Trainee: 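The structure is given below, and queries will be raised subsequently.
Each ligand, and each atom within it, is numbered from 1 in the order the structure gives. Keep in mind that this is a model prediction, so the values were computed, not measured.
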Amino acid sequence: MITINHFINGTYTEPAGGEYLDGFNPAIGAVYSKIAKGNAADVQKAVDAAKTAFPAWKAMPAEDRFCILNAIAEGIEANLDELAAAESRDQGKPFWLSKTEMQRASQNFRFFATAAVHFASESHQTDTRAINYTLRQPVGIVGCISPWNLPLYLFTWKIAPALAAGNCVVAKPSEFTPHTAHMLCEIANKASLPPGVLNVVHGLGSACGQAIVEHPEIKAISFTGGTATGKHIASVAAPMFKKLSLELGGKNPNIIFDDADLNEAVKTSVRSSFLNQGEICLCGSRVFVHTRVYDAFKTALLQEVAKMQVGDPFDEKTHVGAIVSKPQFEKVLSYIELAKQEGGTVLCGGHAVKPNGFENGWYIAPTIIEGLDANCRTNTEEIFGPVITLLSFETEEEVLNMANGTAYGLAATLWTRDLKRAHRMAEALQSGIVWVNCWLLRDLRTPFGGVKQSGVGREGGWEAMRFFTEPKNVCIAY
Ligand code: TXE
């Protein structure tokens with residue numbers, strides 16, 4: 001049994017209340033770890049440590065901060081296989097995918113290590129013989145709360161810029177997948193990150209997460225998770241005037257025009273639908289296909305999906321691993337039932353899978369449903385699993401109305417060879433990110449986030465560095 005304790009002031013620390021949560025391996029549906037059940041007292045300890053560490057961390061030359069953060073990036077790479085194995089066991093995702101994500105977690109640190117030395121502020125010369133310059137100072141102690149779908153990747157996506165900008169961090173990974181964040185703390189120690197600069201607490205969102213959001217000395221909250229949780233966090237943090245960055249759910253359209261390269265569109269749509277069991281906020285869960293190519297696309301997609309293997313995350317032939325938790329597994333299955341009630345036809349999948357030797361794990365076959373109205377619940381609510389729907393359209397206007405017709409606006413994908421149409425659509429889609437003839441092609445410098453109920457604020461590049469700093473204007477007359 002693995003024990004996951006808090007990491008406070010550079011030391012693994014038992015929970016104040018002495019209680020632990022069960023950590024599950026979703027591939028076999030069994031408990032394999034115990035996770036510190038943090039409360040407000042633990043968060044207070046973490047804040048105290050962060051407060052003590054802050055003056056020296058803030059004053060450290062950027063060049064030295066760069067070296068430490070870069071050493072963490074190297075530490076992740078040096079432990080890539082161990083981290084990837086832990087991620088797959090905790091989350092259920094295929095091991096080959098975990099390896100890619102660990103690489104990306106390392107890149108997050110490397111990227112923001114360099115941001116620490118390249119981040120520059122603006123200056124403005126005023127006609128009335130004055131010069132203004134902007135001081136960008138760290139916010140202080142910041143809270144980073146991350147979800148269970150891309151555990152270490154999204155954890156580092158927040159803490160790396162927070163640290164690079166000179167803040168001290170109190171972070172909480174999801175209680176479903178805390179293992180790699182726990183391992184990262186040891187890597188941070190080896191990289192000589194001073195004690196108290198990064199503190200990691202564990203436990204339930206409603207207790208430990210809530211204590212972070214409520215703490216008066218935590219000045220900014222960066223959160224990725226469900227829209228309902230984001231709404232609640234905003235209601236607590238906004239009256240305290242905290243800076244807030246919320247990256248929430250999505251119901252992303254994947255639009256295939258009749259002039260698209262169908263082979264490419266099919267190949268990529270298999271990934272954008274089912275990668276990581278569909279548990280990525282950027283997955284395209286509503287696939288809109290032009291009537292002229294609907295049948296051809298559908299046939300080719302079904303052929304590809306039929307080849308997908310569901311099962312053991314450590315089998316290298318596995319495409320789709322286990323769903324992260326029993327509640328999520330049940331939620332996804334309930335949406336498949338709802339889709340049937342709403343009149344949908346299940347073209348493939350639509351059921352749980354019990355792979356040999358893994359009968360107690362939480363697996364769901366890649367599921368494609370057609371024949372549903374664009375406005376039904378299945379087509380407007382986030383499912384967050386290996387389930388997509390197919391819809392047909394005739395005109396640009398029609399598909400835009402349907403694509404924009406949900407409360408969400410995170411990412412959209414479109415497939416067309418018509419340049420003018422691509423630009424027109426990119427402009428009109430209500431979405432924080434638009435991919436044209438590709439999906440999940442990431443550049444860490446670009447703004448990342450959503451509109452409408454998909455969130456507030458942007459992460460990535462300078463956006464993240466700006467979020468984690470407080471701008472102060474200094475005006476000097478001469
Ligand atoms: O996420 P939660 P859940 C969506 C997806 C999923 C649904 C629910 O549709 O089915 O959300 O997932 C912490 N104060 N996404 O319930 O609760 C929690 O401990 C402070 C989309 O597992 O939002 C965890 O660390 N923190 C998403 C984190 O919030 C709180 C990824 C996320 O958990 C808290 C995950 C509180 N009161 C789920 N309550 C995406 N956008 O990628 C919970 N937390």
Trainee: Just checking, is any N or O donor in the side chain of Thr13 or Lys45 under 3.5 Å from an acceptor N or O on the other one?
Mentor: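 No, Lys45 and Thr13 have no side-chain donor paired with an acceptor closer than 3.5 Å.
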Trainee: Using a 4.0 Å cut-off to any heavy atom of His232, which atoms of ligand 1 qualify?
Mentor: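 Selected atoms, number and element: 37 (N).
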Trainee: Looking only at non-hydrogen atoms, which of Ser235, Ala237, Gly226 approaches atom 38 (C) of ligand 1 most closely?
Mentor: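 Going through Ser235, Ala237, Gly226 one by one, Gly226 has the nearest heavy atom to atom 38 (C) of ligand 1.
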Trainee: Only heavy atoms of Leu248, strictly under 4.0 Å: list the atoms of ligand 1 that pass.
Mentor: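 Those qualifying, in numeric order: 41 (N).
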Trainee: Regarding atom 14 (N) of ligand 1: of the candidates Glu175, Gln210, Lys172, Glu247, which has the closest heavy atom?
Mentor: Gln210
Trainee: Nearest protein heavy atom to atom 13 (C) of ligand 1, by residue and atom, and its distance?
Mentor: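 Protein heavy atom with the smallest distance to atom 13 (C) of ligand 1: Ile145 CG2, 3.7 Å.
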Trainee: Just need the protein heavy atom nearest to atom 36 (C) of ligand 1, so name the residue and atom and give the distance.
Mentor: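 Result: Gly205 O, 3.2 Å.
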Trainee: Under a plain distance cut-off of 3.5 Å, with no hydrogens placed, do Asn254 and Ser269 share a side-chain donor-acceptor pair?
Mentor: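 Side-chain D/A pair, Ser269 to Asn254: present.
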Trainee: For a ring-ring contact (aromatic ring centres under 6.0 Å, His included) with Phe384, tell me which candidate from Tyr408, Tyr335, Trp148 qualifies.
Mentor: Trp148
Trainee: Hey, is Glu459 close enough to Lys158 for a salt bridge, meaning N to O under 4.0 Å?
Mentor: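 Counted as a salt bridge, because a side-chain N and a carboxylate O are separated by less than 4.0 Å.
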Trainee: In the protein, which heavy atom is nearest to atom 2 (P) of ligand 1, and how far is it?
Mentor: Thr229 OG1, 3.5 Å
Trainee: With a 4.0 Å cut-off, strictly under, does atom 33 (O) of ligand 1 pick up any protein heavy atom?
Mentor: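 No, there is none.
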Trainee: Does some non-hydrogen atom of the protein lie less than 4.0 angstrom from atom 5 (C) of ligand 1?
Mentor: yes
Trainee: For atom 22 (O) of ligand 1, which of Trp148, Phe384, Phe155 has the closest heavy atom?
Mentor: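 The residue whose heavy atom sits nearest atom 22 (O) of ligand 1 is Trp148.
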Trainee: Do Thr180 and Phe155 come within less than 4.5 Å of each other through their side chains, counting heavy atoms only?
Mentor: no
Trainee: May I ask you to check if Arg104 and Tyr153 form a cation-pi contact, with NZ or CZ under 6.0 angstrom from the six-membered ring centre and within 45° of the axis?
Mentor: yes
Trainee: Among protein heavy atoms, which sits nearest to atom 9 (O) of ligand 1, and what does the distance come to when rounded to 0.1 Å?
Mentor: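 Closest protein heavy atom to atom 9 (O) of ligand 1: Glu382 OE1, 2.7 Å.
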Trainee: Under a 4.0 Å N-O cut-off, is there an ion pair linking Glu279 with Lys93?
Mentor: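 Salt bridge absent between Glu279 and Lys93.
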Trainee: Considering only non-hydrogen protein atoms, determine which one is nearest to atom 40 (C) of ligand 1 and report residue, atom name and distance to 0.1 Å.
Mentor: Cys281 CB, 3.7 Å
Trainee: Can you tell me which residue and heavy atom of the protein come closest to atom 24 (C) of ligand 1, and the distance to 0.1 Å?
Mentor: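 Its nearest protein heavy-atom neighbour is Ser146 O, 3.5 Å.
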Trainee: Is the charged tip of Lys243 near the ring of Phe467: under 6.0 Å from the six-membered ring centre and within 45° of its axis?
Mentor: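 Yes, Lys243 sits over the ring of Phe467.
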Trainee: Any cation-pi pair here, Arg271 with Trp435, using under 6.0 Å and within 45°?
Mentor: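 Checked: cation-pi criterion not met.
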Trainee: What residue and heavy atom of the protein are closest to atom 26 (N) of ligand 1, and at what distance?
Mentor: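 The protein heavy atom lying closest is Gly209 CA, 3.6 Å.
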Trainee: Using a 4.0 Å cut-off to any heavy atom of Pro147, which atoms of ligand 1 qualify?
Mentor: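 Within the 4.0 Å cut-off of Pro147, ligand 1 contributes 31 (C), 35 (C).
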